[in-house]
Amino acid sequence: MSYTSIEVRTEAEKVGVITLNRPKQLNALNDQLMDELGEALHIFDSDEGIGCIVLTGSEKAFAAGADIGAMAKFSFADAYKGDYISRNWETIRSIRKPVIAAVSGFALGGGCELAMMCDFIIAADNAKFGQPEIKLGVIPGAGGTQRLPRAVGKSKAMDMALTGRMMDAVEAERSGLVSRVVPLDKLQDEALGAALVISDFSRIAVMAAKESVNRAFESGLSDGVMFERRLFHALFATADQKEGMDAFVNKRKAVFTHL
Ligand code: CO8
């Protein structure tokens with residue numbers, strides 16, 4: 001598959017790495033890029049060998065938002081019909097394998113929203129997050145007003161959405177937006193390391209864990225706990241549960257077959 005706005009590679013035959021690649025536009029997200037991203041995500045998701053996906057950008061920008069030039073002359077009808085934007089922004093939500101965002105530089109607007117759609121964010125110490133759409137006379141349009149408050153609470157989310165200010169990596173970690181912050185030159189290794197760890201676990205258990213954590217954002221506590229309980233019970237039907245527990249009992253390393 002050949003792409004122009006992203007680069008795709010595999011690591012150790014079990015991690016899919018997607019790099020956003022419109023460096024001159026700071027990886028501004030246009031239709032072409034989002035179409036390519038959606039396709040690459042689906043290909044990795046359906047590849048039996050791949051256990052985890054890393055989504056990253058350049059040192060200067062994960063993504064500086066949706067492409068403002070492409071949107072500037074939109075009418076309401078253009079925006080609403082979604083022929084140009086939004087047709088492919090939800091693809092990442094349908095991916096069942098874990099997707100880690102490895103963020104350095106700017107993650108603004110749609111770039112911040114894209115990072116938040118991933119399962120967790122590892123940030124370089126130069127990362128800057130923000131929802132600056134207010135400065136353009138609009139508001140976030142890909143989940144920013146919904147996911148940001150869930151990640152950092154109402155006060156900070158309001159602050160970011162209303163003033164358009166950026167949050168640096170230290171504040172982002174302190175606020176719970178990112179799971180880890182590492183020096184810029186360690187970012188790719190850190191993200192890849194996490195992805196390799198995940199890839200060696202039972203794929204079924206990994207997918208179930210992702211599904212269950214995501215359920216926490218869609219349901220009340222008792223429904224969510226019941227959902228988790230049922231998945232927990234179901235995992236006793238897998239060979240990987242037998243392998244994982246037998247390996248622990250017999251003090252050996254588990255080798256999961258994803259069955
Ligand atoms: N879109 C298009 N081009 C961009 C964007 C963008 N979002 N961001 C940067 N660029 C371009 C610049 O125009 C510039 O191009 P050129 O060299 O041809 O002039 C190049 O990238 C480099 O940018 P700068 O010269 O501005 O670089 P600086 O280091 O001075 O500044 C910033 C970097 C702070 C990131 C600055 O570029 C900036 O503020 N960018 C815009 C950030 C922004 O407002 N993002 C939000 C966009 S709106 C949005 O994302 C809504 C998403 C809704 C999705 C809905 C889907 C359903």
Side-chain angles (χ1 to χ4, degrees), residues 4-7 18-42 55-95 99 101-118 121 123-152 156-169 171-172 177-178 184 187:
T4 59
S5 301
I6 61 170
E7 287 177 352
I18 302 174
T19 306
L20 306 179
N21 185 32
R22 295 185 75 213
K24 287 197 186 120
Q25 296 83 13
L26 303 185
N27 292 331
L29 307 165
N30 63 3
D31 275 347
Q32 164 114 13
L33 186 150
M34 294 306 290
D35 283 344
E36 292 182 5
L37 176 60
E39 185 174 311
L41 283 167
H42 276 310
L55 177 60
T56 193
S58 69
E59 288 192 358
K60 180 158 186 200
F62 176 73
D67 193 315
I68 300 169
M71 288 185 293
K73 294 214 159 44
F74 273 6
S75 64
F76 165 77
D78 293 331
Y80 186 77
K81 283 193 292 180
D83 293 339
Y84 306 99
I85 49 168
S86 86
R87 63 169 187 240
N88 44 24
W89 277 74
E90 297 294 317
T91 304
I92 196 162
R93 292 186 59 208
S94 65
I95 302 303
V99 183
V103 174
S104 45
F106 297 110
L108 302 178
C112 186
E113 292 169 308
L114 180 61
M116 289 192 290
M117 279 185 236
C118 296
I121 302 173
D125 51 11
N126 75 337
K128 286 194 185 306
F129 298 86
Q131 298 291 162
E133 289 90 340
I134 199 77
K135 297 181 185 172
L136 301 169
V138 291
I139 66 169
T145 64
Q146 305 304 301
R147 291 195 181 91
L148 194 58
R150 284 167 166 82
V152 305
K156 261 189 201 297
M158 281 288 191
D159 181 0
M160 311 257 310
L162 295 178
T163 69
R165 80 169 174 89
M166 294 185 213
M167 192 186 259
D168 67 18
E171 186 180 3
L177 180 59
V178 312
L184 176 57
L187 177 67

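Order of listing sets the numbers, starting from 1, for every ligand and every atom in it. Because only heavy atoms are used, hydrogens play no part in the values below, and waters and symmetry mates are left out as well, while side chains stay in. For the single chain, residues carry numbers from 1 onward in sequence order. Computed from a predicted model, the values in this text were never measured in an experiment.
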Can you spot which of Leu184, Val103, Leu187, Asp168 makes a side-chain contact (heavy atoms from CB on, under 4.5 Å) with Asn126? Leu184

Hey, is ligand 1 close enough to Ala28 that some N/O pair sits below 3.5 Å? no

Checking the side chain of Glu113 only, and the main-chain atoms of Gly143 only, is there a donor and an acceptor separated by less than 3.5 Å? yes

Please state whether Lys24 comes within less than 4.0 angstrom of ligand 1, counting heavy atoms only. yes

Determine all donor-acceptor pairs shorter than 3.5 Å in which one atom belongs to a side chain in residues 18-25; sequence neighbours excluded.
residue : atom : partner : partner atom : Å
Asn21   : ND2  : Glu7    : OE2          : 3.4
Arg22   : NH1  : Ala28   : O            : 2.7
Arg22   : NH1  : Asp67   : OD2          : 3.0
Arg22   : NH2  : Asp67   : OD2          : 3.4

Inter- and intrachain pairs under salt bridge (charged side-chain N to carboxylate O under 4.0 Å, His left out), touching residues 126-136, at least two apart: none

Pull out every atom of ligand 1 sitting under 4.0 Å from any heavy atom of Gly109, numbered as shown with elements. 46 (C), 50 (O)

A quick test of your reading: do over 12 heavy atoms of other residues, nucleotides or ligands sit less than 6.0 Å from CD of Glu171? yes

Would Ile68 count as a polar contact of ligand 1, with the cut-off being nitrogen or oxygen pairs under 3.5 Å? yes

Which of the numbered atoms in ligand 1 are below 4.0 angstrom from a heavy atom of Gly110? 49 (C), 50 (O), 52 (C)

Does an N or O anywhere in Ala66 fall below 3.5 Å from an N or O of ligand 1? yes

Report the part of Ala64 (side chain from C-beta onward, or backbone N, CA, C, O) that has a heavy atom under 4.0 Å from ligand 1; answer both or neither where that applies. both

Quick one: does Lys60 get an N or O within less than 3.5 Å of an N or O on ligand 1? yes

Between Phe129 and Met116, does the side chain to side chain contact (heavy atoms under 4.5 Å, CB included) criterion hold? Intermediate values first, please. CA-CA 10 Å; Phe129 298 86; Met116 289 192 290; over 6 Å; no

So between Gly141, Gly143, Cys112, whose heavy atom ends up nearest atom 53 (C) of ligand 1? Gly141

Closest heavy-atom contact between Glu36 and Ser5? OE1-N, 2.8 Å

If you count the atoms of ligand 1 from 1 in the order shown, which ones are under 4.0 Å from a heavy atom of Leu108? 35 (C), 42 (C)

Region of Leu136 that comes within reach of ligand 1 [heavy atoms, distance under 4.0 Å]: side chain

Sub-3.5 Å donor-acceptor pair from the side chain of Ser104 to the main-chain atoms of Ala124, do we have one? no

